[in-house]
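Note on naming: letters A, B, ... go to the chains in the order of the sequence lines (proteins, then strands), and numbering restarts at 1 for each one. What's counted below: heavy atoms across the whole structure, side chains too, no hydrogens, waters or symmetry copies. Just so it is clear, the structure is predicted and the values come from calculations on it, not from any experiment.
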2 protein chains.
Amino acid sequence: MLGNPTTPTAFHVSTRGEYGMRLMVDLARHWGQGSISLHAVAQREDLPEAYLEQLVASLRKAGLVSGKRGAGGGYTLARDPAQITAGDVVRALEGPIEPQICTAEGDPVVNCIREQNCGTRAVWVKLQSTIAAALDGMTMAELAKSTSRERAHV
Amino acid sequence: MLGNPTTPTAFHVSTRGEYGMRLMVDLARHWGQGSISLHAVAQREDLPEAYLEQLVASLRKAGLVSGKRGAGGGYTLARDPAQITAGDVVRALEGPIEPQICTAEGDPVVNCIREQNCGTRAVWVKLQSTIAAALDGMTMAELAKSTSRERAHV
DNA sequence: ACAATTCCGAGTGAAGTGCTCGGAAATCCC
DNA sequence: GGGATTTCCGAGCACTTCACTCGGAATTGT
């Protein structure tokens, strides 16, 4: 694992987001097939199982997956793959989408305290809405589908 | 300083990007007025001067500002404010815009090694182009202008 | 000469990243 | 009921990044 760059990059999503997204798409691909164990996911996606455990906890608390204990147990998407967006996943794993504190999602007037008319604020506001729109426009269903389609003709 | 959130947030831009953007907009606002010292910028924007020194070095190496030493010296935008985008500034300070390594700017085929048809890749590619487009669509001239306009009727 | 200023490199405490480990609790199969 | 399987939970740990500061050299205007 650990495919992270040593050189700094802007807007880089951490392994939480990356692995978590892979996990969710994997679950979406197996939607309707009962509980899927993390062990299986870890093997298919070649990801550290113990670490996935940690990530899936966040996803469960966010109400995106539900777990079932014991032998034969595992995880399932909590609702239809078409009703879960990439934005949901990212927010569950990496927190709310806000380039700056003054652009907090939902809170329109958590503005910079000292400077009312900060010139740069326009940048971060635009960025926040753009990113959110992009991520909220993609569902697990779409991602799972495109993957298996590409896989079909390998 | 240090207005950063204690709770983790996705796509958060660091103080390098934030302070650097403020610095650039400030220089844009004083475009045509000769060299501006960091001391002056630091006071106006209420930012740590020694830290700005570090940031401006990156901006200079990226060819966005040029410095003049000695008494009466300071910094100037290296070209017209309308020819410098927010994307230029962010890239200079925080590195290339790439949510994942497999979505490196310019390099279209630095793909994931082990899995050719990664389902999640679509997410990061979309994200990269969306972010880049948003940032590259805003110039220092626009930001400097909108700020002073808002300031006018305070 | 002297003050102002950019340039440069090193250092530092706190936080975040990317994991591992040990163990408790639930559930199924025999 | 015993044992295997699996989710749940919290702690810990090496490494890197963040957000700075500090000291000093080089350059330039007065």
Side-chain angles (χ1 to χ4, degrees), chain A residues 1-20 22-23 27 34-43 45-62 64-76 78 93-95 100-101, chain B residues 1-20 22-23 27 34-43 45-62 64-76 78 93-95 100-101:
Chain A
M1 289 318 89
L2 191 60
N4 280 27
T6 51
T7 52
T9 54
F11 305 105
H12 185 258
V13 333
S14 74
T15 55
R16 285 183 65 87
E18 184 195 343
Y19 297 178
R22 301 247 290 270
L23 166 62
L27 289 184
S35 294
I36 309 293
S37 75
L38 279 193
H39 187 71
V41 177
Q43 279 206 320
E45 298 286 335
D46 190 24
L47 296 175
E49 184 174 346
Y51 189 38
L52 280 189
E53 243 178 57
Q54 215 178 94
L55 305 189
V56 88
S58 300
L59 294 167
R60 190 172 43 80
K61 279 165 195 159
L64 298 178
V65 303
S66 53
K68 190 185 174 192
R69 290 183 173 188
Y75 291 94
T76 326
L93 293 166
E94 312 224 31
Q100 289 295 296
I101 344 103
Chain B
M1 289 318 90
L2 192 57
N4 283 27
T6 52
T7 51
T9 54
F11 305 105
H12 186 258
V13 333
S14 72
T15 53
R16 286 182 64 87
E18 185 196 344
Y19 297 177
R22 300 246 291 271
L23 167 61
L27 289 184
S35 294
I36 309 294
S37 75
L38 279 193
H39 187 72
V41 177
Q43 278 206 323
E45 298 287 335
D46 190 25
L47 296 174
E49 184 174 346
Y51 189 38
L52 280 190
E53 243 179 57
Q54 213 178 97
L55 305 188
V56 87
S58 299
L59 294 167
R60 191 171 43 81
K61 280 166 194 157
L64 299 178
V65 302
S66 52
K68 190 185 173 192
R69 289 185 175 185
Y75 291 94
T76 324
L93 293 167
E94 313 223 30
Q100 290 295 297
I101 343 106

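Atom CG of A/Leu64 is separated from atom OG of A/Ser58 by 10.0 Å, given to the nearest 0.5 angstrom. To the nearest 0.5 Å, atom CZ of residue B/Arg16 and atom CG of residue B/Leu23 are 11.5 Å apart. Note: A/Phe11 CZ to B/His12 NE2 = 10.5 Å, rounded to the nearest 0.5 Å.
D/dT7 atom C1' lies 14 Å from atom CG of A/Leu23, rounded to whole Å. Rounded to whole Å, the distance from CD on B/Gln43 to C1' on C/dT5 is 15 Å. What separates NE2 of B/His12 from P of C/dT17 is a distance of 12 Å, to the nearest Å. At whole-Å resolution of the value, CG in A/Leu52 and P in D/dC8 are 14 Å apart. Atom P of nucleotide C/dC7 and atom CG of B/Leu55 are separated by 14 Å, given to the nearest angstrom. The CG-P distance, from A/Asp46 to C/dC19, rounds to 11 Å in whole Å. Atom C1' of nucleotide D/dT7 and atom CD of A/Glu49 are separated by 11 Å, given to the nearest angstrom. In this structure, A/Leu47 atom CG and C/dT20 atom C1' are separated by 16 Å, rounded to whole Å.
A/Thr9 and B/Glu94 are not linked by any side-chain donor-acceptor pair at a separation below 3.5 angstrom, with hydrogens and angles left out of the test. At a cut-off of 3.5 Å, with distance as the only test, a side-chain donor of B/Thr15 or B/Tyr51 sits close to an acceptor on the other residue.
Electrostatic pairing of A/Glu45 and A/Arg22 counts as a salt bridge here, judged by a charged N lying under 4.0 Å from a carboxylate O.
Looking at A/Arg60 and A/Ser66, their side chains never come closer than 4.5 Å, going by heavy atoms from C-beta outward.
The side chain of B/Tyr51 places no N or O atom within less than 4.0 Å of a non-bridging phosphate oxygen (OP1 or OP2) of D/dC18. Of the side-chain N and O atoms in B/Ser14, none sit less than 4.0 angstrom from OP1 or OP2 of D/dC18. The side chain of B/Thr15 places an N or O atom within less than 4.0 Å of a non-bridging phosphate oxygen (OP1 or OP2) of D/dA19. A sub-4.0 Å separation between OP1 or OP2 of C/dT6 and a side-chain N or O of B/Arg60 is absent.
Contacts of B/Gln43 classified as side chain to side chain donor-acceptor pair (under 3.5 Å), with partners at least two apart in sequence or in another chain: none.
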Protein and nucleotides 3-6 of chain D: nitrogen or oxygen contacts under 3.5 angstrom:
unit_1: D/dT5; atom_1: O2; unit_2: A/Ala71; atom_2: N; d: 2.9
unit_1: D/dT6; atom_1: O4'; unit_2: A/Gly70; atom_2: O; d: 3.4
unit_1: D/dT6; atom_1: O2; unit_2: A/Gly70; atom_2: N; d: 3.4

Polar pairs (N or O, both sides) under 3.5 Å between protein and nucleotides 10-13 of chain D?
none

Applying side chain to side chain contact (heavy atoms under 4.5 Å, CB included) to A/Tyr75 and A/Leu59, what does each step give before you reach the verdict? CA-CA 11 Å; A/Tyr75 291 94; A/Leu59 294 167; over 6 Å; no
